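See structure below.
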Amino acid sequence: MKNLVIVESPAKAKTIEGFLGKDFTVKSSFGHIRDLPSKKLSVDVENNYEPDYVVPKDKEAIVRELKKLSKSAELVWLASDEDREGEAISWHLQEALGLKDDKVRRIVFHEITKSAILNAVENPRGINIDLVNAQQARRILDRLVGYELSPVLWKKVKPNLSAGRVQSVSVRIIVEREREIENFQATSAFRVRAYFNVDGMEFQADLSKRFDTLEETRTFVAGCENASFSVSDLQKKPGKRTPAAPFTTSTLQQEASRKLGFGVTRTMKVAQDLYEQGSITYMRTDSVNLSDLAINAAKDEIVKLYGEEYAKTRQYSSKSKGAQEAHEAIRPTYMDKKSVKGDAGHQRLYDMIWKRTIASQMQDAKLERTTVNINVSSSDIGFVANGEVIVFEGFLKAYLEGTDDETEDTKGMLPNMTIGQGLDAGKVEGMERFSQPPARYTEASLVKKLEELGIGRPSTYAPTINTIINRNYVVKEGKDGVEREYGYILLDSDGIKEEVKTEITGAEKTKLFPTDIGKVVTDFLVENFTDILDYNFTAQVEKEFDEIAEGQKEWTSMIDSFYKPFHKTTVHTSENAKKATGETLLGVDPASGRNVYSRLGRFGPMVQIGEAENEEKPKFASIPADQRMEEVTLEQALELFKLPRDIGEFEGEQMTIGIGKYGPYVRHNKGYVSIGDEDPMSITKETAMQLIIARREELKKMLINEFADGEDVIQVKNGRYGPYIAVGKKNYKIPKGTEPESLGLVECKEIIAAQPDRPKRGARKKK
DNA sequence: CAGTGAGCGAGCTTCCGCTTGACTT
């Protein structure tokens with residue numbers, strides 16, 4: 001073999017191999033191949049921050065293969081991405097494979113096109129060690145922050161918690177938004193709207209001023225009853241709209257959320273599939289750049305579909321902080337391809353990418369905006385109608401970007417009118433409108449915010465959100481709205497009518513809410529580690545990483561000047577800070593006269609009667625998952641102490657209701673059955689009995705067959721992942737094509753014997 | 001699978017960013 005090329009992704013390897021011909025073998029490293037082991041800090045803070053890099057278990061095989069191939073190759077071309085992480089991957093490869101400098105060529109390209117690849121091969125360079133050092137600084141800073149902060153939380157808040165440069169700020173964003181909403185005081189004002197009809201075309205106009213009170217509104221609307229209306233001014237202005245830039249990871253996630261209702265994880269999974277089948281370019285990118293090839297292909301397609309006048313090619317430039325632009329924007333590989341493999345979700349995401357890319361190379365939409373001022377004879381205040389007409393569709397023919405805020409007024413067409421023209425108002429209505437609290441974040445709008453702050457990378461947006469949800473800092477859920485009254489006055493041909501109407505406000509679906517733990521941890525970190533929780537912390541260290549990459553700063557001294565004071569703070573906090581429990585005094589227990597508190601305990605949110613320091617031991621009860629610690633009242637707290645409670649007998653055994661580690665349950669005859677959404681305080685004996693019977697049925701369905709094998713019981717069961725064989729606590733797979741019903745004792749034993757005890761893999765089990 | 005919450009002390013937890021499958025009961 002003459003040449004070995006190593007890239008990061010196997011799909012990329014396949015494409016590139018086609019461009020380079022038979023003298024080149026292209027392989028993939030599957031991302032990073034060495035890292036700091038997770039068991040310990042692995043950074044020698046006493047010895048100039050010497051990192052201890054190792055090849056992780058799951059990378060041993062690939063490193064072995066690459067080592068073998070590189071031995072037999074004349075030249076090894078390191079073709080990882082041209083950014084900080086990519087440069088580090090190349091460096092680690094050279095180190096781990098033990099490659100001499102003269103055998104190594106470093107090449108880079110921003111787009112996977114034949115000319116870009118061939119050009120890269122013509123222009124190799126060496127590894128840029130400054131860029132590598134910037135990555136090492138990034139990696140080691142993150143390790144030091146994460147591994148020194150988390151233990152402080154274990155000690156001061158609760159075991160198993162985590163903190164880090166990215167996740168802790170992400171949680172803070174959610175927590176602060178929730179507090180803004182909690183503290184929000186809605187104000188209201190009366191909007192007056194008149195409906196006109198000209199030549200059979202209806203349109204609406206709003207009064208240029210809103211009234212503070214119902215009285216003012218009533219006076220004004222009443223004045224309209226015998227007033228005359230006329231056009232006092234009319235202005236037409238040309239306007240335009242320009243298409244949005246092609247997709248990056250962040251904008252793809254946002255738009256898939258708005259238009260398709262996808263969560264960020266689903267978007268990335270579907271995009272990965274499209275990438276692997278060769279339908280789109282790489283899906284983890286912060287660049288809005290398109291290759292010349294792509295721009296020309298888009299133009300051809302536009303001309304073919306819509307005509308020459310619809311095409312306008314353009315190059316966009318990235319606005320996001322810290323963009324590294326190692327790839328193209330996300331676009332179809334072939335612009336003339338309209339359908340893809342996979343389900344409807346794949347097709348819809350692909351359509352969106354196709355339209356967005358096409359639209360980005362199309363003409364602006366030309367508009368005509370009209371403003372009409374309308375006089376009322378009974379008042380100095382006038383109405384204003386806004387209209388918008390599309391003169392030339394341009395890119396709107398293909399695609400329009402969605403918006404996050406749902407504004408209610410959509411501008412439409414206005415009829416032809418002239419100044420001085422008299423108008424008839426069909427009706428005039430005054431309606432109380434309220435100011436809106438800031439919106440809670442969705443997964444996608446959080447990603448947008450993180451990107452604006454320069455926090456996280458395209459490859460980490462989706463995993464970061466999963467982390468803060470899995471750690472129980474944040475929950476994704478909906479919320480019922482509450483009814484609100486508003487004043488309403490209507491003037492029409494029947495005269496004036498006034499009423500109090502109601503509307504639902506504050507309803508949410510699948511938004512991010514902070515948990516009690518998320519709030520307590522955020523407050524603790526903001527108080528004690530203000531710098532790291534600062535929204536600009538990442539931006540500041542990124543500036544220093546850039547200086548390292550430029551060769552203007554030495555990475556270990558940068559880390560040292562960060563770590564020295566940081567470490568001091570962790571030690572100081574560890575020794576001096578009070579435990580953070582979010583304790584709130586709810587009131588006094590009428591039965592005992594002792595104080596009742598809500599607070600965070602070692603196992604989560606709970607309520608407590610009495611203090612630990614006192615003679616008499618305090619009583620404790622957990623707060624169920626659907627209740628917020630901050631919202632628990634004294635009455636609700638006292639209710640919680642009524643559990644566990646007996647609710648009567650079934651088959652001669654007592655049924656007891658309680659709330660356990662896994663939620664509310666009914667215990668009966670030493671067994672436990674989850675009661676799901678039933679209220680543990682009010683569940684009846686009959687409901688509980690039904691649940692127990694239903695659970696028995698379920699278990700019966702799960703059990704396909706059962707055999708006695710000496711001491712052991714062998715069971716053939718139906719599980720979440722299909723049928724399996726269970727013996728004691730061990731489970732065994734049933735080979736494909738075997739009917740589980742057909743298995744007898746002998747067959748089961750054969751299957752068990754054929755499957756040696758698997759090594760317990762992955763100590764990382766997360767509940 | 002199913003009360004625990006104080007304190008003792010063993011041993012454990014934890015980061016971010018780059019990539020895909022293997023595998024789950």
Side-chain angles (χ1 to χ4, degrees), chain A residues 7-12 28-36 38-43 58-59 62 80-81 83-86 88-89 92 135 138-154 158-168 272 276 284 326 455-461 463-464 467 471 538 581 599-608 611-613 617-622 643-644 656 658-667 670-674 702 717-726 729-733 758 761-767:
Chain A
V7 296
E8 292 181 35
S9 141
K12 202 187 208 179
S28 150
S29 73
F30 294 84
H32 275 294
I33 50 129
R34 294 203 305 187
D35 193 15
L36 306 169
S38 62
K39 280 273 163 235
K40 51 189 180 66
L41 187 65
S42 314
V43 177
D58 58 334
K59 288 296 169 66
I62 184 71
S80 48
D81 298 344
D83 57 16
R84 204 160 63 199
E85 297 297 327
I89 288 174
H92 279 299
Q135 192 274 347
R138 198 282 303 156
R139 178 71 190 90
I140 284 159
L141 179 122
D142 282 336
R143 171 53 67 91
L144 293 172
V145 169
Y147 275 45
E148 294 218 353
L149 272 190
S150 301
V152 180
L153 294 181
W154 304 341
K158 202 167 103 69
N160 299 313
L161 294 176
S162 65
R165 174 178 58 84
V166 173
Q167 59 169 281
S168 296
Q272 174 92 31
E276 283 173 12
R284 289 185 278 264
I455 297 174
R457 304 279 311 130
S459 67
T460 61
Y461 295 136
T464 297
T467 298
R471 294 248 168 264
T538 291
T581 62
R599 68 176 182 94
L600 198 62
R602 207 147 62 90
F603 308 102
M606 60 169 194
V607 286
Q608 174 178 341
E611 289 87 6
E613 301 81 37
K617 275 199 161 186
K619 287 200 287 183
F620 306 101
S622 286
L643 292 177
T656 307
I659 296 176
K661 213 164 155 183
Y662 308 97
Y665 62 85
V666 50
R667 194 180 62 189
K670 286 175 194 144
Y672 293 83
V673 176
S674 168
M702 268 183 67
K717 294 168 92 172
N718 239 327
R720 196 148 54 108
Y721 305 101
Y724 67 100
I725 297 171
K729 292 208 158 184
K730 285 197 184 118
N731 298 316
Y732 300 87
K733 266 198 293 207
R758 274 188 306 251
R761 44 160 260 121
R764 288 193 54 83
K765 33 102 194 31
K766 213 63 258 174
K767 48 179 177 156

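This structure is a prediction, so every number in the text was calculated from the model and none was measured. Letters A, B, ... mirror the listed sequences (proteins, then strands); counts begin at 1.
- The residue Thr464(A) sits apart from the nucleic acid: no heavy atom pair falls under 4.0 Å.
- Put simply, CG on Leu153(A) is 11 Å from P on dC15(B), counting in whole angstrom units.
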Residue pair Gln135(A), His32(A): steps toward the side-chain contact (heavy atoms from CB on, under 4.5 Å) verdict
CA-CA 12 Å; Gln135(A) 192 274 347; His32(A) 275 294; 3.8 Å; yes

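- Judged by closest nucleotide on DNA chain B, Glu148(A) is the one of Glu148(A) and Arg284(A) placed further toward the 5' end.
- Between the C1' atom of dC16(B) and the CZ atom of Arg84(A) lies a distance of 11 Å, rounded to the nearest Å.
- At the phosphate of dT20(B), OP1 or OP2 sits under 4.0 Å from a side-chain N or O atom of Ser9(A).
- By the side-chain contact (heavy atoms from CB on, under 4.5 Å) test, Val607(A) is found to be paired with Leu586(A), Ser598(A), Ala621(A), Ile623(A), Val632(A), Ala637(A), Leu640(A), Phe641(A), residues two or more places apart in sequence or in another chain being considered.
- Heavy atoms of Val145(A) sit nowhere under 4.0 angstrom from any nucleic acid atom.
- The aromatic ring of Tyr147(A) is stacked on the base of dT14(B), with the two ring centres less than 5.5 Å apart and the planes inclined by under 30°.
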Evaluation steps, side-chain contact (heavy atoms from CB on, under 4.5 Å), between Leu41(A) and Leu144(A):
CA-CA 7 Å; Leu41(A) 187 65; Leu144(A) 293 172; 4.1 Å; yes

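- Within the structure, every side-chain polar atom (N or O) of Lys12(A) is placed at least 4.0 Å from both OP1 and OP2 of dT19(B).
- Gly164(A) comes within 4.0 angstrom of sugar-phosphate atoms only, judged by non-hydrogen atoms across all strands, and of no base.
- Distance Ile62(A) CD1 to dG21(B) C1': 13 Å, rounded to the nearest Å.
- Among the atoms of the strands shown, none is found under 4.0 Å from any heavy atom of Pro618(A).
- One can place NE2 of His92(A) at 11 Å from C1' of dC18(B), the figure rounded to the nearest angstrom.
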Can you give me the dot-bracket string for DNA chain B, 5' to 3', counting Watson-Crick and G-U wobble pairs with both distances under 3.5 Å, using [ ] for crossing pairs and | for partners on another strand?
.........................

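- Put simply, CZ on Arg143(A) is 13 Å from P on dG17(B), counting in whole angstrom units.
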Which letters describe nucleotides 2-7 of chain B, given B = protein heavy atom under 4.0 Å from base, S = only from sugar-phosphate, - = neither?
BBBB--

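- Side-chain atoms of Lys59(A) come within 3.5 Å of backbone N or O of Phe30(A) as a donor-acceptor pair.
- Look at Gln272(A) and you'll find a side-chain N or O under 4.0 angstrom from OP1 or OP2 of dT20(B).
- The residue Arg139(A) sits close to a base: some heavy atom pair falls under 4.0 Å.
- For Pro618(A), the side-chain contact (heavy atoms from CB on, under 4.5 Å) partners two or more places apart in sequence, or in a different chain, are Gln608(A), Ala612(A), Phe620(A).
- Dashed line: the shortest gap from a side-chain N or O of Ser459(A) to OP1 or OP2 of dC18(B) is under 4.0 Å.
- The distance from atom CZ of Phe30(A) to atom P of dA22(B) is 10 Å, rounded to the nearest whole Å.
- Checked against side-chain hydrogen bond (donor to acceptor under 3.5 Å, both in side chains), Arg457(A) has the following partners two or more places apart in sequence or in another chain: Asp286(A).
- Distances from the side chain of Asp35(A) to the nucleotides dC18(B), dC16(B), dT14(B) place dC16(B) closest.
- A salt bridge between Lys12(A) and Asp81(A) is present, with a side-chain N of the basic residue lying under 4.0 Å from a carboxylate O of the acidic one.
- At the heavy-atom level, Ala163(A) lies under 4.0 Å from the strands shown only through sugar-phosphate atoms.
- Arg165(A) comes within contact range of the sugar-phosphate backbone alone, with a heavy-atom separation under 4.0 Å but no base atom that close.
- Set against dT13(B), dT19(B), dT14(B), the side chain of Arg471(A) has dT14(B) as its closest nucleotide.
- Straight-line distance from the CD1 atom of Ile89(A) to the P atom of dT19(B): 7 Å, rounded to whole Å.
- In this structure, Leu161(A) places its CG atom 10 Å from C1' of dT14(B), rounding to the nearest Å.
- Of the listed nucleotides (dC15(B), dG21(B), dT19(B)), dG21(B) has the atom at the smallest distance from the side chain of Glu276(A).
- Using a 4.0 Å heavy-atom distance criterion, Gln608(A) is classed as making no nucleic acid contact.
- Residues satisfying the side-chain contact (heavy atoms from CB on, under 4.5 Å) criterion with Arg34(A), sequence neighbours excluded, are Tyr53(A), Val55(A), Trp91(A), His92(A), Glu95(A), Ala96(A).
- Distance alone, capped at 3.5 Å, is enough to place a donor-acceptor pair between the Ser28(A) side chain and the Glu8(A) backbone.
- Take Thr656(A) and apply the side-chain hydrogen bond (donor to acceptor under 3.5 Å, both in side chains) test, not counting sequence neighbours, and it matches Asp646(A).
- With sequence neighbours excluded, the residues satisfying ring-ring contact (aromatic ring centres under 6.0 Å, His included) with Tyr665(A) are Tyr672(A).
- For Thr460(A) and dC16(B), the shortest distance from a side-chain N or O to OP1 or OP2 is not below 4.0 Å.
- Residue-level contact check: Gly456(A) touches the backbone only, with heavy atoms under 4.0 Å from sugar-phosphate atoms and none from bases.
- Ring stacking holds between Trp154(A) and dT13(B), with the centres under 5.5 Å apart and the planes within 30 degrees of each other.
- In terms of the side-chain hydrogen bond (donor to acceptor under 3.5 Å, both in side chains) criterion, residue partners of Ser162(A) (sequence neighbours excluded) are, by chain and number, Gln167(A), Arg471(A).
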